Amino acid sequence: MQLATIFLGFIVFGISENIKGPAIPRIQFDFSLDEKQLGTLLSLNALGYLIACSFTAVLVRKWGIKAVSIIAFASMIFSGVLIYISHSYPLFSASYFLMYIGNGMLEIGLAILGARIFVKNTGTMMNLSHFFYGFSSTLAPLMATGLMTVSIFGHTLDWRGMYLIMLSLSLLPIVFALRSTFPGDDLPHEDRIPLKTLVRDPALWLMVLILSFGVVSELAVGGWLVNFLEKAYLWDTVTASGMLSTFFLCFSLARLLLGPVTDKIGFNLSLIIFSAFSALCTFAAILGGEKLAFLFAAAGIGIAMIYPTVMAFIAKRYPHGSDTAITFTVTLMGVGSVIGNYAIGAVIEGVKRLYGAETQIGLLRGLQAGYGFIGLCAAICAISGCILYRYLHRRQELI
């Protein structure tokens, strides 16, 4: 029951985060949104996520992870109902905001659940759980596109009905969660590690660095790889998108197959090796030109392992304070990823102007520099991992 709850939870999480792609053009048309309004709508993702980070751990302490998980899933269903009946932009934007608060609660809740449940083979199980997120994320846009064209009793579902049906899948993990008991809910409050103690631990701050730069490197590929291949190498959209799909295939397979490696060699060493591999692939792809473009996809093997391995590390290092440690780390990661993704755009624009904003060579160098920053983020993960390794080795606390 516990495994079903967490695996189904990650499937629902992947679906809720990635069905927006096919729906956005239709939403923009129905509400006559300009690009600025659309950007504001999408920024609710980050805002709702950060707000959820601020209170989810508190609720977990007060009510327990079981209750909070059920509330998170239920809020997704409720937001789906509100989206379905929203025919004015204010109601829709409020519904969308509620969905992303539920998303944030879900991410933190699932991370805490995993930390409490996977006390054995932690790296393997964390990576397997995140594989289900990657798997559903891959299928979500295709499922959403198909559902929007389905007619029921002569009525086309369109994007509103699609959101209702897809978010209603949250009912499945609720059923399993209701029939489960989760460890840690009966732990006395005084036995938990306080936040003040956690923030004095240099290892936790190094985890924040590793996770923040790792997530920037991970998310930036989805936003910039197709753009890079089309403009730098003049690839057509289908071929460039195929390379992005290959990246996500490598990403998902790595989480499915390489989890046992992290348990065998240790989480700290895994973070160093996998992030360094991703950085080397990225730099080699940039320097090697079009003939080595396949290494952009291969970089997904390394970068895929960072998030679940960090979660496994936290679960092992802070068995009685994982909820607080995860919330603290993931909240700062959210802030860091916003800054990091902004920095990529700034680097591209700055280098492009340096070489000539309107020239092809300026565009090429700008894109190479921006993508080089993505590789640099992975390299900083590896460097931070080395510092963490040295710190823990001196204290004989290697994990």
Side-chain angles (χ1 to χ4, degrees), residues 13 16-18 20 39-60 68 72 96-112 115 130 133 193-224 271 275 278 303 306-311 313-314 317-318 321-349 370 373-385 387-388:
F13 183 39
S16 66
E17 282 231 309
N18 294 286
K20 62 178 177 285
T40 302
L41 179 67
L42 293 176
S43 70
L44 292 176
N45 185 348
L47 181 59
Y49 174 85
L50 290 174
I51 289 174
C53 286
S54 68
F55 64 77
T56 303
V58 176
L59 295 184
V60 168
V68 171
Y96 214 64
F97 182 64
L98 174 63
M99 182 184 74
Y100 277 121
I101 285 183
N103 249 355
M105 289 181 67
L106 203 52
E107 177 161 5
I108 300 239
L110 289 173
I112 294 172
H130 285 81
Y133 170 82
I193 303 174
L195 179 61
K196 287 182 180 180
T197 303
L198 289 172
V199 297
R200 293 194 193 104
D201 184 6
L204 187 63
W205 287 99
L206 287 165
M207 281 290 104
V208 169
L209 275 180
I210 292 169
L211 192 61
S212 297
F213 282 104
V215 168
V216 168
S217 188
E218 172 190 329
L219 297 180
V221 173
W224 291 103
L271 288 168
S275 53
S278 180
I303 210 67
I306 293 176
Y307 191 103
T309 305
V310 167
M311 293 298 112
F313 181 98
I314 291 173
R317 185 166 175 83
Y318 313 107
S322 58
D323 49 354
T324 306
I326 286 171
T327 303
F328 177 77
T329 307
V330 172
T331 303
L332 290 184
M333 175 211 77
V335 176
S337 64
V338 171
I339 297 171
N341 282 289
Y342 175 79
I344 293 171
V347 167
I348 293 174
E349 194 61 32
F373 186 85
I374 296 173
L376 178 63
C377 288
I380 292 173
C381 286
I383 294 168
S384 301
I387 297 170
L388 178 64

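What you see is a predicted model; the values in this text were computed from it and never measured.
Rounding to the nearest 0.5 Å gives a distance of 8.0 Å between CH2 of Trp224 and CD1 of Ile374. Note: Phe373 CZ to Ile380 CD1 = 6.5 Å, rounded to the nearest 0.5 Å. For the atom pair Glu218 CD and Cys377 SG, the distance stands at 12.0 Å (nearest 0.5 Å). Residue Ile108 holds its CD1 atom at 4.0 Å from OG1 of Thr327, rounded to the nearest 0.5 Å. Atoms CZ and OG1, from Phe313 and Thr309 in turn, are 11.0 Å apart once rounded to the nearest 0.5 Å. The CE atom of Met99 sits 11.5 Å away from atom CG of Leu106, with the distance rounded to the nearest 0.5 Å.
The salt bridge (charged side-chain N to carboxylate O under 4.0 Å, His left out) analysis of residues 332-343, with sequence neighbours excluded, yields no pairs.
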Identify every side-chain donor-acceptor pair in residues 197-216 under 3.5 Å, counting partners at least two apart or on other chains, and give the distances.
| unit_1 | atom_1 | unit_2 | atom_2 | d |
| --- | --- | --- | --- | --- |
| Asp201 | OD1 | Ala203 | N | 3.1 |
| Asp201 | OD1 | Arg317 | NH2 | 3.4 |
| Asp201 | OD2 | Arg317 | NE | 3.0 |
| Asp201 | OD2 | Arg317 | NH2 | 3.2 |
| Asp201 | OD2 | Tyr318 | OH | 2.6 |
| Trp205 | NE1 | Val199 | O | 2.7 |
| Ser212 | OG | Val208 | O | 2.8 |

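The minimum heavy-atom distance linking Ala378 with Ile303 is given by the pair CB-CD1, 4.3 Å. For the pair Ile344 and Gly370, the tightest heavy-atom approach, listed with the atom from each and the gap, is CG2-O, 4.0 Å. Pairing each heavy atom of Met311 with each of Ala111, the nearest pair is SD-CB, 3.8 Å.
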Point to revise | side chain to side chain contact (heavy atoms under 4.5 Å, CB included) between Phe55 and Val68, worked out | key: CA-CA 11 Å; Phe55 64 77; Val68 171; over 6 Å; no
Point to revise | Worked verdict on Leu110 versus Tyr133 for side chain to side chain contact (heavy atoms under 4.5 Å, CB included) | key: CA-CA 11 Å; Leu110 289 173; Tyr133 170 82; over 6 Å; no
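Residues Glu107 and Thr56 are not in side-chain contact: their nearest non-hydrogen atoms beyond the backbone lie 4.5 Å or more apart.
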